[in-house]
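Working notes, structure below.
Note that these values count all heavy atoms, side chains included, but never hydrogens, waters or copies made by symmetry. Reminder, nothing fancy here: chain letters follow the sequence lines and each chain counts from 1.
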Amino acid sequence: MIQRPRGTADRLPDVAPAWRLVSETFQRQCELRGFAPISTPTIERTELFTRTTGDATDLAQKEMYSFQDRGGDSLTLRSEGTAPVVRAYVQNGLHNLPQPVKLYYLTSIFRYDRPQAGRYREHHQIGAEALGDPSPAVDAEVIDLLWSTYRALGIDDLRLELNSLGDPDTRPAYRQALVDYFTPLADRLDSESRERLTSNPLRILDSKSPAVADLCEGAPRSLDFLGEPARTHFDALQGLLQSLEIPFAVNHRLVRGLDYYNRTVFEFVPPDAGSQSTVGGGGRYDYLAELIGANHVPGVGFGSGIERVLLSLERCGTTARAPRAPEAYVAPLADAAVADAMRLARQLRQAGVAVECGFRATSPRSHLRRASRSQARLAILIGARELERGVVALKPLNGAAQVEVRHCDAVRRIQDILAGDP
RNA sequence: GUGGGCGUAGCUCAAUCGGUUAGAGCGUCUGGUUGUGGCCCAGAAGGCUGGGGGUUCAAGUCCCCUCGCUCACCCCA
């Protein structure tokens, strides 16, 4: 049998309540802050991702779902949320709106990677981007949005880690300092880190190898290389987070996996920090727009994996409320009653009553079994007898007595019964 | 891309040393005398034992390959 592609998932109805809780909670937090929804295409030109993400990143080197379309263009399934939003901002002239432009999205992300716990080839992210304003307050606002979303979901055990990577004019000096530090220690680095010494020295700091981690302890810190504006920005951000009472810890080894970040980077990580444990993360990317050939547009944002938020939700014991159960169940007992049953069901639904309809004429026993299992509070029976006399039988499923009402009064009487009036 | 574990019904699991027609619980469907639910009872449907090859008189069981799932590495969310 044909099965779903590796690393993808069918989302069955039983997970819908939790999923909806996450998306609605996030949406509400966004709207409380004036963030507006945006969606971008599932496919983008491949260069959008390769030029922004960075050539040396794993994402660009081996994780993109790229293909040629029939016209010969190279397209890529969205591998990351930020670059498409920046592209859309520029392409649609959103710089003509009051700045910053605050946007949010809920979207699928595709990365060709080996699946494991909390990691999929297609996963989903909630994300937000604030474009057009370089102020540290915008960084704080964006972090507050994500933090508040987690809190509103009952997730209170994530650790916020923070760092600043500085600006492009100071990055080379820091990069060189790292190279100078690690080069004499090269024989103690693993092969991957040795390669990064030339390709992407910052990412050595990210290594989980214990031996490399030890070496990182003594490595130069990005904060010591910040220029004056970046320094001021970072200090201001920390002050704002403190006044918002959002706890955080500076992590000198936090560098993030995408190259376009400058200044602020942050991650929310769970306490049982496994290896791929980031629940959400982001940062500032003031030079991203230029990478795709646009004018300068400062920006800051984040992405958070919904599947991982769901894991945190479970860990913290948050449960979503069950979906609405049908209130009434309409049971045709004779073939001639099916049309009537469906018509009555429609009238009830138009009146706002959730109704499940039995589709096949069968025994009362069978219908009532279904009605019970459907959680409906009331069964509405229509058989040959009822048709003949222009009535329907209403049977409350809580054991109360069955009553007969005229067909033309049915909707009103049913609403009364469901409302609790006799 | 690398390594470990696991693949039997929709789900959770049995099946002795390699031995007859692969079973159970749950779930699903049907029925339990006239048109009345839950509980209970009965019955039915549902399996190429992931797939392919090999060893053997005989394979769910042993061997090889492959696919899938899963966990970890790498990396990300």
- Task: In plain terms, say whether A:Arg263 and A:Asp167 are close enough for a salt bridge, that is, a side-chain N and a carboxylate O under 4.0 Å apart.
- Result: yes
- Item | Nearest-nucleotide comparison on RNA chain B, the residue closer to the 5′ end among A:Ala400 and A:Arg203 | A:Ala400
- Which part of the nucleic acid, if any, lies within contact of A:Gly399, taking any heavy atom under 4.0 Å across all strands shown: a base, the sugar-phosphate backbone alone, or nothing? base
- Message: Under a 3.5 Å threshold, yes or no: a donor from one side chain and an acceptor from the other, between A:Glu129 and A:Tyr285?
- Response: yes
- Could you check how far CD of A:Gln402 sits from C1' of B:rG37, rounded to whole Å? 11 Å
- Query: How far does the C1' atom of B:rA58 sit from the matching atom of B:rC74, given to the nearest Å?
  - Reply: 47 Å
- For A:His123 and for A:Ala393, locate the closest nucleotide of RNA chain B by heavy-atom distance; then report the residue assigned to the nucleotide nearer the 5' terminus. A:Ala393
- Nearest-angstrom distance, P atom, B:rG5 to B:rG19: 25 Å
- Message: Just to verify, what does A:Asp156 make a side chain to side chain contact (heavy atoms under 4.5 Å, CB included) with, not counting sequence neighbours?
- Response: A:Arg151, A:Cys316
- Query: Among A:Gln125, A:His124, A:Arg119, whose side chain to side chain donor-acceptor pair (under 3.5 Å) with A:Glu307 holds?
  - Reply: A:His124
- Message: Let's see if you can work this out: which of B:rG31, B:rA77, B:rG35 has an atom nearest to the side-chain heavy atoms of A:Arg308?
- Response: B:rA77
- Any luck finding a side-chain donor-acceptor pair between A:Arg78 and A:Thr107 under 3.5 Å? yes
- A:Arg349 CZ: over 12 foreign heavy atoms closer than 6.0 Å: yes
- Query: When you compare B:rA24 with B:rU2, how far apart are their P atoms, in angstrom units rounded to a whole number?
  - Reply: 43 Å
- Between B:rC64 and B:rG3, how far is it from one P atom to the other, in whole Å? 16 Å
- Message: Roughly how many Å apart are B:rC39 and B:rG35, using the P atom of each and rounding to a whole number?
- Response: 24 Å
- Between CG of A:Leu313 and C1' of B:rA77 the distance, given in whole Å, is 16 Å
- Starting at CD of A:Gln3 and ending at P of B:rU70, how long is that distance when rounded to a whole Å? 12 Å
- A:Arg121 near the nucleic acid: base, sugar-phosphate alone, or nothing, with a heavy-atom cut-off under 4.0 Å? nothing
- Note on the structure: Looking only at B:rG37, B:rA77, B:rG35, the nucleotide nearest the A:Arg365 side chain is B:rG37
- Message: Tell me the interatomic distance from A:Asp113, atom CG, to B:rU70, atom P, rounded to whole angstroms.
- Response: 14 Å
- Base B:rG37 to side chain A:Arg373, donor-acceptor N/O within 3.5 Å cut-off: no
- Query: Taking it one step at a time, do A:Tyr287 and A:Tyr260 satisfy ring-ring contact (aromatic ring centres under 6.0 Å, His included)?
  - Reply: CA-CA 7 Å; A:Tyr287 303 92; A:Tyr260 54 61; over 10 Å; no
- Message: More than 12 heavy atoms of other residues, nucleotides or ligands under 6.0 Å from CD of A:Glu314: yes or no?
- Response: no
- Message: Between B:rG37 and A:His367, is there a base-stacking contact, meaning the centre of the base's six-membered ring lies under 5.5 Å from the residue's ring centre while the planes stay under 30° apart?
- Response: no
- Message: Can you tell me which nucleotide in B:rG31, B:rU36, B:rC75 comes closest to the side chain of A:Ser363?
- Response: B:rG31
- Query: When rounded to the nearest Å, what value does the distance between C1' atoms of B:rC65 and B:rG25 take?
  - Reply: 36 Å
- Query: With sugar-phosphate meaning primed atoms plus P, OP1 and OP2, does A:Glu307 contact a base, only sugar-phosphate, or nothing at under 4.0 Å between heavy atoms?
  - Reply: nothing
- Query: CG of A:Leu202 versus P of B:rC75: gap in Å, rounded?
  - Reply: 14 Å
- Message: As a test of reading the structure: which of B:rA77, B:rG32, B:rG35 is closest to the side chain of A:Arg256, going by heavy atoms?
- Response: B:rA77
- Which part of the nucleic acid, if any, lies within reach of A:Arg196 when heavy atoms closer than 4.0 Å are counted: base, sugar-phosphate only, or nothing? sugar-phosphate
- Item | Atom P, compared across B:rU66 and B:rG47: separation rounded to whole Å | 29 Å
- Task: Between B:rC73, B:rA77, B:rG38, spot the one nearest the side chain of A:Gln116, thanks.
- Result: B:rC73
- Task: Could you check how far CG of A:Asp10 sits from P of B:rG68, rounded to whole Å?
- Result: 16 Å
- Message: If you compare every side-chain N and O of A:Arg369 against the phosphate oxygens of B:rC39 (OP1, OP2), does one of them come in below 4.0 Å?
- Response: no
- Per A:Ala117 side chain, nearest of listed nucleotides B:rU36, B:rG35, B:rC71: B:rC71
- Task: Return the nearest nucleotide to the side chain of A:Pro364; candidates are B:rG32, B:rU36, B:rU30.
- Result: B:rU36
- Message: Need one value for A:Ile306: base, sugar-phosphate or nothing, where a base atom within 4.0 Å counts as base even if backbone is also close, heavy atoms only.
- Response: nothing
- Message: Ring centres under 6.0 Å, that's the criterion: do A:Phe268 and A:Tyr150 meet it?
- Response: yes
- Query: Taking the same atom, P, in B:rU49 and in B:rA59, what whole-Å distance lies between them?
  - Reply: 12 Å
- Item | Whole angstrom value for the distance that separates P of B:rC75 from CG of A:Asn200 | 11 Å
- How does RNA chain B read in dot-bracket, base by base from 5' to 3', with Watson-Crick or G-U pairs under 3.5 Å and | used when the partner is on another strand? (((((((..((((.....[...)))).(((((.......))))).....(((((..]....))))))))))))....
- Closest to the A:Ser372 side chain: B:rC74, B:rG37, B:rG35? B:rG37
- Item | Donor-acceptor pair present, A:Glu386 side chain and B:rG35 base, under 3.5 Å | yes
- Task: To the nearest Å, give me how far apart CZ (A:Arg377) and P (B:rG38) are.
- Result: 20 Å
- Identify, with sequence neighbours excluded, every residue that meets ring-ring contact (aromatic ring centres under 6.0 Å, His included) alongside A:Phe359. none
- Testing B:rG32, B:rG3, B:rU36 for proximity to the side chain of A:Arg114, the answer is B:rG3
- Task: Go through B:rU30, B:rU36, B:rA77 for me and flag the one nearest to the A:Arg119 side chain.
- Result: B:rA77
